[in-house]
There are 2 protein chains.
Amino acid sequence: IIDITTLKKDYHVGEVTVHALRGVDLKINEGEFVAIMGASGSGKSTMLNIIGCLDRPTDGTYFLDGVNVAGMSKNERAAMRNLKLGFVFQSYNLLSRTSALENVELPLMYNRVISARERREKAVAALEAVGLADRMGHMPNQLSGGQQQRVAIARSLVNDPVVILADEATGNLDTRTSYEIMSLFQDLNAKGKTIVFVTHEPDIARCMTRSVVFRDGHIIREEEVKNR
Amino acid sequence: IIDITTLKKDYHVGEVTVHALRGVDLKINEGEFVAIMGASGSGKSTMLNIIGCLDRPTDGTYFLDGVNVAGMSKNERAAMRNLKLGFVFQSYNLLSRTSALENVELPLMYNRVISARERREKAVAALEAVGLADRMGHMPNQLSGGQQQRVAIARSLVNDPVVILADEATGNLDTRTSYEIMSLFQDLNAKGKTIVFVTHEPDIARCMTRSVVFRDGHIIREEEVKNR
Ligand SMILES: Nc1ncnc2c1ncn2[C@@H]1O[C@H](COP(=O)(O)OP(=O)(O)OP(=O)(O)O)[C@@H](O)[C@H]1O
Ligand SMILES: Nc1ncnc2c1ncn2[C@@H]1O[C@H](COP(=O)(O)OP(=O)(O)OP(=O)(O)O)[C@@H](O)[C@H]1O
Ligand SMILES: [Mg+2]
Ligand SMILES: [Mg+2]
């Protein structure tokens, strides 16, 4: 479902060129649950933003579900995102002055098929699944760090995407809440969802099926997870 | 240095009152390194914001370095913060379109005694200490999540504060970078700095001298850390 070859991404800061990704080959099959690990600054978020059609590679090829994404226009990429992908950003990216419930309903606003009532029901169910039934009316600045992160997780699940991309989704959560969230993702994976999950915690990566380690914009290791 | 009794903090969201802190007693002596732990939404950040003179309690008393803070005006609290405290927010709070170096220099702008040259030297030294010598000219949106967090840590150290308050300072960092940062804080603590450090990771809390656990706005456990 994800097929990437010799992918490069450069950023230009003044005179300097930062080589965030220096030629990455990565294949992810449908139904896999893949951990992306690596040191701070090694290129994990850059990789996820490109897989998520949020940023364009400098060089290399990328096929999502058989379609050549590197050649797509901005609008085609946006349509692809809204239909197939669910995304949890490292910095949550919730809309301020917008309640938790409205933030979670947002991805469904693009979906012309479902009614307002059905949209509300799906959003309520997603917030209950992450343990926030009692905070639906709160704005992001009225929620703790971990609660905002859980709103972002609920939003990524609400349009029933084919692929879920999560960047440090349990970074701000205590151990117990983290495991509740991981078992939620494991249930979704068991139902056939493909999940790509950036984490720096080895305990969390052990819940997945495969792990890929980045260093300085390269993949230095790939291994199957044995005892989940 | 920090003396808190029966501290309460309520938030009002529409008709609902959220009791974030429900009567907290906490004494912290000079030179201690205290971990604050607890589930997501248990009141850790609220506690840290009040200790950091960023928010006012609804009820109870708070003395910082022998001075009654609960009775202070907004300007008195700001002066107290800039002189005595260093703060690492859970959401970094870096100024956008401002370089890493300028963000770290910011707390020193209030200090009329030191020259622009000395201010620059201290900021460079702080960024080198957190491993970002090669990213000083980057804006926050040109840094990875972990790098932004390290800029925030450097900023909290640059004015040589008496008390450092850190909220999930290693939340976005890989294990190796986390331990480099923790040994930085342990060195500062060995030199006499008082540090209050929110974390949800037991391995990180083991680097400190004492740990305090919150649940639903109360302290449910306090214990000395034996084998650091
Ligand atoms: N401005 C606010 N308005 C209303 N409620 C708030 C506000 N800030 C925090 N809360 C509530 O107060 C409680 C405590 O929040 P706090 O941010 O202190 O939690 P925390 O322990 O830091 O959690 P986390 O580990 O998720 O960061 C939460 O239930 C939260 O919903
Ligand atoms: N917009 C940008 N402009 C310039 N450089 C950037 C930009 N975004 C990222 N970088 C650089 O690219 C490298 C990779 O960043 P990336 O965000 O992918 O790291 P990461 O592995 O997610 O790290 P972390 O664990 O700290 O979140 C970093 O060195 C960073 O400084
Ligand atoms: Mg990242
Ligand atoms: Mg918090």
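The shown structure was predicted, so the numbers you read here are calculated from the model rather than taken from an experiment. As a basis for the values below, the full set of heavy atoms in this structure was taken, side chains included, without hydrogen atoms, waters or symmetry mates.
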Notebook entry, point to check: Can you list the residues that meet the ring pair (Phe, Tyr, Trp, His ring centres under 6.0 Å) rule with Phe214(A), with sequence neighbours excluded?
Noted result: none
Next item on the list: Return the set of residues passing ring pair (Phe, Tyr, Trp, His ring centres under 6.0 Å) with Phe197(B) (not counting sequence neighbours), or none when no residue passes.
Entry: Phe185(B)
Can you check whether chain B and chain A share any donor-acceptor pairs under 3.5 Å, and give the atom names and distances if they do?
from	atom 1	to	atom 2	distance (Å)
Ser40(A)	N	Asp174(B)	OD1	2.7
Ser40(A)	OG	Arg150(B)	NH2	2.9
Gln90(A)	NE2	Asn172(B)	OD1	3.4
Arg150(A)	NH2	Ser40(B)	OG	2.9
Gly171(A)	O	His200(B)	NE2	3.3
Asn172(A)	OD1	Gln90(B)	NE2	3.3
Leu173(A)	O	His200(B)	NE2	3.2
Asp174(A)	OD1	Ser40(B)	N	2.6
His200(A)	NE2	Gly171(B)	O	3.2
His200(A)	NE2	Leu173(B)	O	3.2

Checklist line | Best-contacting candidate, Gly171(A), Gly43(A), Gly137(A), Pro202(A), against chain B by heavy atom pairs under 4.5 angstrom | finding: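 Answer, by heavy-atom pair count under 4.5 Å with chain B: Gly171(A).
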Check: If you count heavy-atom pairs under 4.5 Å between each of Ala39(A), Gly131(A), Gly14(A) and chain B, which one has the most?
Finding: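 It is Ala39(A).
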Checklist line | Val18(A) versus chain B, the contacting section by heavy-atom distance below 4.5 Å | finding: side chain
Next item on the list: Please name all residues satisfying side-chain contact (heavy atoms from CB on, under 4.5 Å) with Ala125(A), sequence neighbours left out, ordered by chain then number.
Entry: none
